[in-house]
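Below is one structure, written out as C-alpha cells; the observations come after it.
Computed over heavy atoms, backbone and side chain alike; hydrogens, waters and symmetry mates excluded. Naming: A, B, ... by sequence-line order, numbering from 1 per chain. Since this is a predicted model, take the numbers as computed values, not measurements.
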Amino acid sequence: MTETAASPMPQLGLTLRSLVRADATVLLRSRQALILNFVLPIIVLVVTNRGRFGNPGFLIGMAITYGLLSSALIGYSTTVARDREAGVFQRLRVSPTPTWAIMASRLGVQLATNLAVAVVVMVVGSIIHSTAFTAGDYLLILVVSLLGAAVFLSLGQALVGLVRSATLINAIGRVLYILLILTGILGSTGILGDDFKTFASWTPVGALINLYSAVLNLVPWGSDETTALIACLGYIVVFAGIGIRWFRWDPQ
Amino acid sequence: MGDAERPAILEVRELVVRYGSQTAVDGLGFSILRGEIFGLLGPNGAGKTTTLSVIEGLKKPVSGSVSVDGASPIHAPLAVKAKLGVQLQASSFQAELTIEQLARLHAGLYGLDLPRRALRDRLADVGLEQEAAKPFKKLSGGQQQRFSLMVATIHDPPILLLDEPTSGLDPQSRRQLWDRIERSREAGGSVLLTTHSMEEAQAVCDRVAIIDHGRLQALGAPGELVAMHRDDPRVRAVARGDVTLEDVFIGLTGSAIRD
Ligand SMILES: Nc1ncnc2c1ncn2[C@@H]1O[C@H](COP(=O)(O)OP(=O)(O)OP(=O)(O)O)[C@@H](O)[C@H]1O
Ligand SMILES: [Mg+2]
C-alpha cells in the first residue's frame with residue numbers, strides 16, 4: 001500500500017482485454033456452452049439433413065438458428081443470472097470498471113462464438129449436401145447470423161432484465177426456446193395453414209429462417225423477407241431496450 | 001495522535017440507506033484519517049455491510065454523503081473505485097476460471113498487466129501458489145478469504161475496505177492478516193474493517209465505531225471506549241470482572257440475538 005493519492009484510472013484497453021480474455025476462457029471451459037453452441041446445431045443439421053426433406057439453405061439456416069437461440073436463451077441468460085446471483089458481478093463492480101464494459105465483453109464473446117458456429121455449420125452443411133458455397137454466401141450468412149444472434153441475445157437480455165431468480169430464468173428460457181422452435185418449424189412447413197405461416201414469419205425464429213433461405217438465393221427477395229428484416233430489427237430494439245432498462249446488477 | 005492536523009481520507013456524513021421500506025443505515029457519520037485503521041463493529045444486521053456498499057458505489061443512499069479522498073462514489077464512481085481495495089463479505093468469482101486466471105483478470109481491471117511470474121508471486125504471498133490451477137470454489141473457506149484479500153490489495157490501494165476479513169481464518173492466517181494491515185498503515189494506507197472479534201478490534205484498530213440499527217452508538221479508541229463506558233449501568237450489568245471492549249459492545253447494543 002502506498003500513499004500515492006493518485007490511483008490512476010486503468011486504461012480502457014486493458015480493462016476490455018482482461019474482461020474478454022476471462023469471458024472467452026469461461027466459454028471455452030464450460031461444457032454447457034460447448035454443447036449449446038456447437039454440438040446442438042451440428043446434431044440438428046445432421047439429423048434434419050439425412051432425409052433431405054428440404055433445400056440445403058433452409059436446413060442449414062435452421063440449424064444455425066437453433067444454435068443461436070440455445071446459446072443466447074439458455075447459455076447466455078443462465079450464465080448472467082447465475083453470476084449475478086452468486087455475487088460475481090458485485091466483485092467486478094467494486095473495481096473501476098464501467099458496467100457497460102462488463103456487459104459488452106460478455107456480448108462480444110457470445111457474438112464471436114456465434115459467428116464461428118455459423119461458419120462451422122455451413123462447412124459441415126456443404127459437405128453433407130456436397131455443394132460449395134461462395135465467399136459471398138458465407139458473408140451473407142455471417143451477416144444474417146449476426147442479426148439473429150443480436151435478436152436472441154436481446155431476448156436473453158430482456159429475460160435476465162425482467163426476472164431475478166436464476167432458477168426461474170432457466171425454466172422460462174427453456175420454455176421459450178421450445179415455443180419459438182415449434183412455431184418456427186410448424187410455421188415454415190405450412191401444415192397449420194397460411195395464417196399461421198404468416199404469423200410464424202413474424203416470430204424471431206420464423207423471420208430468421210426466412211432470411212437465411214433468402215440470402216442463400218433459394219427464394220428471391222420479397223415481401224416475406226422485408227417483413228423478416230423489419231421484425232428482427234424491431235425485436236432487437238424492443239428486447240434490448242427492456243433488457244438494458246430493467247437490468248439490475250444486485251443479487252437480491 | 002495529532003488527529004487535528006491529519007486529514008480525513010474517508011468521510012461518511014448523515015448517511016441514510018433503505019432497502020424498500022426497511023432502514024438499514026440511519027443517519028450514520030464517521031471519518032477515517034489517513035494512515036488510520038478503523039473498525040466498524042455491530043451486531044448482525046447492524047448495517048456494516050450496507051455502509052460499505054455505499055462507499056464502494058454498489059448502493060445508492062437515500063440521503064447523506066460519502067467522500068473518498070475528496071471524491072464521491074455517486075458522482076465519480078470509477079475514480080473512487082480506483083482508490084479502493086475491497087474485500088466483500090460475500091463475493092464470488094467465475095466458477096470456470098482458475099484463481100490464477102482470476103488474479104490476472106482483476107489485476108487487469110485495476111490497470112496492472114501482470115506477467116505470469118508476478119501473478120504467481122502474488123498467490124505465493126497469501127500461501128496459494130499450490131492452488132493456482134484450482135477454481136475459487138475448490139479452495140477451503142480460509143483460502144478463499146486469503147484469495148479475496150489478495151485481489152483486494154493487488155493494486156496497493158490507499159484505502160482498504162475489509163468486510164469481516166478474518167472470519168474463517170486459522171490463527172496463523174489471522175496473525176498474518178493483522179501484520180499486513182499494520183504494514184499497510186506504516187506505508188501510509190488506511191483501512192476500514194468490520195469484525196465481530198473484540199480481540200481483533202483491540203489488537204489492530206486505532207479507533208472503532210460501534211453501530212446498531214444503522215446508528216452510531218459509540219466512537220473512539222478501544223481503550224477510550226472502555227474508560228468512557230466503564231460506569232454505564234448497561235455495561236456494568238454484563239461485565240464479568242474487569243470491563244472489556246466486549247462488555248461495552250454488549251452493554252451498548254443489548255444482549256438479544258439479532259435476526
Ligand atoms: N439486499 C438486501 N435487501 C434487503 N434487505 C437487506 C439487504 N441487505 C441487507 N439488508 C438488511 O439491512 C440490514 C443491515 O444489513 P447489513 O448486511 O448491512 O448488516 P451487517 O451489519 O453487515 O450484518 P452482519 O454482521 O450479519 O454481516 C439488515 O436488517 C438486513 O436484513
Ligand atoms: Mg455484513
Side-chain angles (χ1 to χ4, degrees), chain A residues 1-34 75 78-102 104-106 109 166 248-252, chain B residues 9 19 34-35 52-53 56-59 69-70 77-98 101-102 104-113 135 137 148 151-153 155-161 180-181 183-191:
Chain A
M1 245 150 289
T2 53
E3 193 156 12
T4 48
S7 292
M9 289 294 294
Q11 296 289 315
L12 189 57
L14 177 58
T15 298
L16 285 173
R17 220 170 347 119
S18 306
L19 285 169
V20 167
R21 188 193 299 119
D23 289 334
T25 312
V26 167
L27 214 72
L28 290 174
R29 287 176 66 116
S30 147
R31 230 169 282 151
Q32 172 191 307
L34 188 72
T78 38
T79 312
V80 169
R82 185 201 64 189
D83 283 352
R84 175 171 58 189
E85 212 162 80
V88 171
F89 286 145
Q90 296 293 76
R91 180 56 252 184
L92 292 174
R93 282 171 63 223
V94 296
S95 73
T97 308
T99 47
W100 66 259
I102 299 173
S105 159
R106 290 192 172 220
V109 168
R248 292 288 172 270
W249 291 92
D250 322 293
Q252 287 97 19
Chain B
I9 192 159
Y19 293 103
R34 217 172 270 278
L52 292 178
S53 308
E56 290 150 0
L58 291 181
K59 177 101 185 123
D69 203 8
L78 297 186
V80 166
K81 288 171 185 182
K83 294 178 205 282
L84 298 177
V86 176
Q87 179 174 17
L88 296 167
Q89 183 174 11
S91 84
S92 182
F93 296 90
Q94 290 87 325
E96 292 86 355
L97 300 179
T98 67
Q101 291 165 335
L102 289 168
R104 189 171 184 199
L105 165 65
H106 286 91
L109 296 183
Y110 283 98
L112 302 171
D113 201 357
K137 282 262 167 56
S148 302
V151 169
T153 53
H155 57 304
D156 284 341
I159 309 169
L160 255 184
L161 305 183
R180 279 169 168 273
I181 291 177
R183 265 184 280 135
S184 87
R185 177 190 17 214
E186 278 154 26
S190 313
V191 182

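Chosen from B:Gln101, B:Glu186, B:Arg104, B:Glu56, the residue pairing most often with chain A at heavy-atom distances under 4.5 Å is B:Arg104. Interface summary for chain B: among A:Leu16, A:Asp23, A:Thr97, the most heavy-atom pairs under 4.5 angstrom belong to A:Thr97. Options B:Gly35, B:Gly111, B:Ser148, B:Ser92 differ in how many heavy-atom pairs under 4.5 Å they form with chain A, and the most are formed by B:Ser92. If you tally non-hydrogen atom pairs under 4.5 Å between each of A:Leu28, A:Val94, A:Thr15 and chain B, the highest count goes to A:Val94.
A distance of 12.5 Å separates CD in A:Gln90 from CD in B:Gln89, rounded to the nearest 0.5 Å. Annotation: the span from B:Glu96 atom CD to A:Thr79 atom OG1 amounts to 7.0 Å, rounded to 0.5 Å.
Using a 4.5 Å cut-off between heavy atoms, A:Leu27 makes no contact with chain B at all. Heavy atoms of A:Pro251 lying under 4.5 Å from chain B are absent altogether.
Checking side-chain atoms of A:Arg91 against main-chain N and O of B:Phe93 turns up no donor-acceptor pair under 3.5 Å. Side chain of B:Lys81 to backbone of A:Arg93: a donor-acceptor contact under 3.5 angstrom is found.
Contact detail for A:Pro96 and B:Leu78: the closest heavy-atom pair is CB-O, 3.6 Å. The shortest non-hydrogen separation linking A:Pro10 to B:Gly108 is CB-O, 4.4 Å. Of all heavy-atom pairs spanning B:Leu109 and A:Ser95, the tightest one is CD1-OG, 3.7 Å. The minimum heavy-atom distance linking B:Leu112 with A:Leu14 is given by the pair N-CD2, 3.7 Å. When all heavy atoms of A:Asp250 and B:Leu58 are compared, the pair lying nearest together is OD1-O, 3.9 Å.
In this structure, the side chains of A:Val26 and B:Leu97 come closer than 4.5 Å at one or more pairs of heavy atoms. In this structure, the side chains of A:Leu92 and B:Gln94 come closer than 4.5 Å at one or more pairs of heavy atoms. By the 4.5 Å heavy-atom criterion applied to side chains, B:Thr98 and A:Arg29 are counted as neighbours.
Surrounding CD of A:Gln11 are at most 12 heavy atoms belonging to other residues, nucleotides or ligands under 6.0 Å away.
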